[in-house]
Amino acid sequence: MATAELTAHELIAKHRPTLDQALEAIRTRAYWSPHPEHPKAYGENGSLDAAAGKAAFDALLGSRLDLGQPGADGWVGGETSPYGIELGVEYPHADLDELLPAMRSGMRQWRDAGAETRAVVCLEILKRISDRTHEFAHAVMHTSGQAFMMALQAGGPHAQDRGLEAVAYAYVEQVRTPDNAEWTKPQGKRDPLALNKRFTPVPRGIALLIGCNTFPTWNGYPGLFASLATGNAVLVKPHPRAVLPLALTVQVARQVLTEAGFDPNLVALAAERPGEGIAKTLATRPEIRIIDYTGSTEFGDWLEANARQAQVYTEKAGVNTVVVDSTDDYKGMLSNLAFSLSLYSGQMCTTPQNLLIPRDGIRTDQGPKTYDEVVADLARAVDGLLGDDARANALLGALVNPDVKARLEAAPGLGEVALASREITHPEFPGAVVRTPVIVKLDGAKPDDEAAYMSECFGPVSFAVAVDSSADAVELLRRTVREKGAMTVGAYTTADEVEQAVQEVCFDEAAQLSLNLTGGVYVNQTAAFSDFHGSGGNPAANAALCDGAFVANRFRVVEVRREAQGLS
């Protein structure tokens, strides 16, 4: 075991104020973040500025990232940036029969450290990651295809916020039960019964984090830090096309754990050979007691059905829907929707897919608008937003994989194209595949069209679905969420009865709702400490980021009781 360079006392003094602020933020749901979003905020107090972060990333290219893990039996790599460059980074490949027992060996000490010490160690890990935000931004950009500013914000401070949020929830749930209790039961004339009771949060075991390609840190950090803060070891299995950001995270975690006097093997990486597909093997091993997964519905369903020994948390796929009934800010509505459809080329689990619009049109502050006018005006809004190639590249990023490109190219065959996709050349990365969104008009009354709009089409593809009325839109929304799930629901209406009807659907089907967004907040964005990402109550996900349910079953409370001294 390493000698501690960072004592628990020092870490508590350094990070307890931040933990307390996080606890207050999740109580009030007010805006708060300790992680700056602006690139120029970095460069002081040990953090890397833009130039140093880029240099650190460049130094990684073509290198071997030696994590010092036990059981390494070779090297694996092969990541290619969606922007067209070979990363050339190699990672240790693990012999699981050696690595997994090593990961368990440090769990007793980690358990006995207590909730507060675990929390502040996690906060030190997050602080070290935050100091390298610019480096991480390039790693996220070149594995996910996010444009740089989005990679810096979503892959950096927003992801770090979600990790800290999970630590805060984990701490709250663990300290809900006191460490000790003196229990005395009166017995009338006889001496009372007296017991001393001790309550200890104990971890479930080794947690498996199965990372995703599009948001490796934002989707990965909640599960990683929720499990680590509750006493579990964490094995990180990244997506094969997005290893680097999570490998760097593991590297930082292992360094901090070592300096704090804990076993670094509490966090380890499981990179895989091309085509090896170790996720299923790992998910059903008896040592794995918790699984966090973000990705396809098919594999998420498989995990829920087959990883019976583990507590499984999944974020899968859904069909996100917006009901367009009426608006008192037509221009703002179009602008907001255009941005939502364009951001990161629609490669977000929260991007709207189906826009349900009455075929007779809607009421607006600019007068009545027919279905065709609404769709045409939205197409013009997207065109206007992305008309400048430099702005378009900054918003769209690159298509993350060939499957997204194939879906985009197949979309025009599904119906009448209201907005055609166009190719954009990236001036810095000519190998990047950059495409603007496509909008396809479909008829909600046609069975042939239903097959398209009732299936998730991940990427820059959206459907303007004509429906008979707003009431029909509400019922289609209900069926969509119930059968397919939704991470987000949006609605535009000036009618109280329509607003109430949409709300009731979202209450009944457990879907998060955004109403009448016309400014700088978008349906596909959520803020840590305040917004819940997913609900865990519909087929899109069985968990929410982040609530008490996301952390509370990662540990159990074990009671040790004994008769109090000096009493019979």
Side-chain angles (χ1 to χ4, degrees), residues 319-343 346 350-385 415-416 418-419 437 439-446 449-450 453-454 462-482 486-509 511-525 531:
V319 177
N320 301 319
T321 300
V322 178
V323 173
V324 183
D325 165 73
S326 53
T327 180
D328 57 10
D329 184 359
Y330 187 60
K331 182 179 179 181
M333 179 188 80
L334 294 174
S335 176
N336 193 280
L337 285 173
F339 189 93
S340 297
L341 298 180
S342 303
L343 184 62
T350 49
T351 300
Q353 175 179 300
N354 293 347
L355 310 176
L356 309 185
I357 307 168
R359 65 180 80 253
D360 291 337
I362 69 171
R363 300 181 311 280
T364 82
D365 57 319
Q366 298 182 19
K369 298 289 183 179
T370 67
Y371 163 83
D372 288 331
E373 287 176 322
V374 173
V375 179
D377 289 344
L378 178 59
R380 279 191 286 271
V382 174
D383 256 344
L385 178 68
E416 179 186 347
L419 175 66
I439 300 176
V440 178
K441 296 167 75 172
L442 297 176
D443 192 327
K446 292 183 177 179
D449 287 359
E450 181 175 319
Y453 66 72
M454 285 294 282
S462 58
F463 301 117
V465 183
V467 294
D468 289 338
S469 65
S470 293
D472 288 331
V474 171
E475 285 311 304
L476 180 53
L477 169 66
R478 180 185 297 277
R479 184 160 64 90
T480 302
V481 179
R482 179 175 293 173
M487 294 299 294
T488 55
V489 172
Y492 290 90
T493 182
T494 58
D496 290 343
E497 65 273 15
V498 175
E499 178 178 318
Q500 185 63 32
V502 172
Q503 282 190 169
E504 287 302 320
V505 168
C506 291
F507 291 151
D508 291 345
E509 308 302 333
Q512 310 293 10
L513 172 62
S514 297
L515 284 168
N516 298 317
L517 297 182
T518 57
V521 175
Y522 304 95
V523 67
N524 43 350
Q525 296 175 320
D531 295 321

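When reading the values below, keep in mind they use all heavy atoms of this one structure, side chains included, and skip hydrogens, waters and symmetry mates. Throughout, residue positions are numbered sequentially from 1 according to the sequence presented. The structure presented is a predicted model; accordingly, all values stated were derived computationally and were not measured.
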Participant: Just verifying a value: how many Å separate Asp496 CG and Gln503 CD, rounded to the nearest 0.5 Å?
Facilitator: 10.0 Å

Participant: In the structure I gave you, are the side-chain heavy atoms of Leu343 and Asn524 within less than 4.5 Å of one another anywhere?
Facilitator: yes

Participant: At what distance, to the nearest 0.5 angstrom, does CG of Asp443 lie from CZ of Phe463?
Facilitator: 14.0 Å

Participant: Find out whether Val319 and Met454 are in side-chain contact, i.e. whether some heavy atom of one side chain is under 4.5 Å from a heavy atom of the other.
Facilitator: no

Participant: For Gly415 and Leu442, work out which heavy atoms get closest and say how close.
Facilitator: CA-CD2, 4.1 Å

Participant: Which pairs with one or both residues in residues 323-332 pass salt bridge (charged side-chain N to carboxylate O under 4.0 Å, His left out), sequence neighbours excluded?
Facilitator: none

Participant: Tell me the closest heavy-atom pair linking Tyr453 and Gly444, and the distance in Å.
Facilitator: OH-O, 3.1 Å

Participant: Scan for salt bridge (charged side-chain N to carboxylate O under 4.0 Å, His left out) pairs involving residues 368-381, sequence neighbours excluded, and state none if there are none.
Facilitator: Asp372-Lys441, Asp377-Arg380

Participant: Between Ser514 and Gln512 (side chain of the first, backbone of the second, donor and acceptor by atom type, cut-off under 3.5 Å), is there such a pair?
Facilitator: no

Participant: With a 4.5 Å heavy-atom cut-off, do Tyr492 and Leu517 have their side chains touching?
Facilitator: yes

Participant: Looking at side-chain heavy atoms only, is the closest gap between Ser470 and Pro358 below 4.5 Å?
Facilitator: yes

Participant: Which atom pair, heavy atoms only, marks the closest approach of Gly520 to Gln525?
Facilitator: O-OE1, 4.2 Å

Participant: Thr351 versus Met487: any side-chain heavy-atom pair under 4.5 Å?
Facilitator: no

Participant: Quick one: pull up CG in Leu476 and CZ in Arg479 and give me the separation to the nearest 0.5 Å.
Facilitator: 5.5 Å

Participant: Indicate whether the side chain of Thr494 and that of Ser326 have a donor and an acceptor atom separated by less than 3.5 Å.
Facilitator: yes

Participant: I want to check something: taking the side chain as every heavy atom from C-beta on, are Leu378 and Ile439 in contact at a cut-off of under 4.5 Å?
Facilitator: yes

Participant: Where is the tightest heavy-atom contact between Gly519 and Asn336, given as atom of each residue plus distance?
Facilitator: O-ND2, 3.0 Å

Participant: Counting distance only, does the side-chain N/O of Asp365 pair as donor-acceptor with the main-chain N or O of Tyr330 below 3.5 Å?
Facilitator: yes

Participant: Take Thr493 and Val502 through the side chain to side chain contact (heavy atoms under 4.5 Å, CB included) test and state the conclusion after the steps.
Facilitator: CA-CA 10 Å; Thr493 182; Val502 172; 5.9 Å; no

Participant: Using a 4.5 Å cut-off on heavy atoms from C-beta on, say whether the side chain of Pro352 contacts that of Thr321.
Facilitator: no

Participant: Which atom names give the shortest non-hydrogen contact between Leu341 and Ser462, and what distance separates them?
Facilitator: CD1-OG, 3.8 Å

Participant: Is it true that a side-chain atom of Thr488 and a backbone atom of Thr350 form a donor plus acceptor pair closer than 3.5 Å?
Facilitator: yes

Participant: According to salt bridge (charged side-chain N to carboxylate O under 4.0 Å, His left out), who are the partners of Glu509, at least two apart in sequence or on a separate chain?
Facilitator: Arg478, Arg482

Participant: To the nearest 0.5 Å, what is the distance between CG (Asn354) and CD1 (Ile357)?
Facilitator: 10.5 Å

Participant: Would you indicate whether the side-chain heavy atoms of Val322 and Leu356 approach each other to under 4.5 Å?
Facilitator: no

Participant: Shortest non-hydrogen contact from Ala466 to Arg359?
Facilitator: O-NH2, 3.4 Å

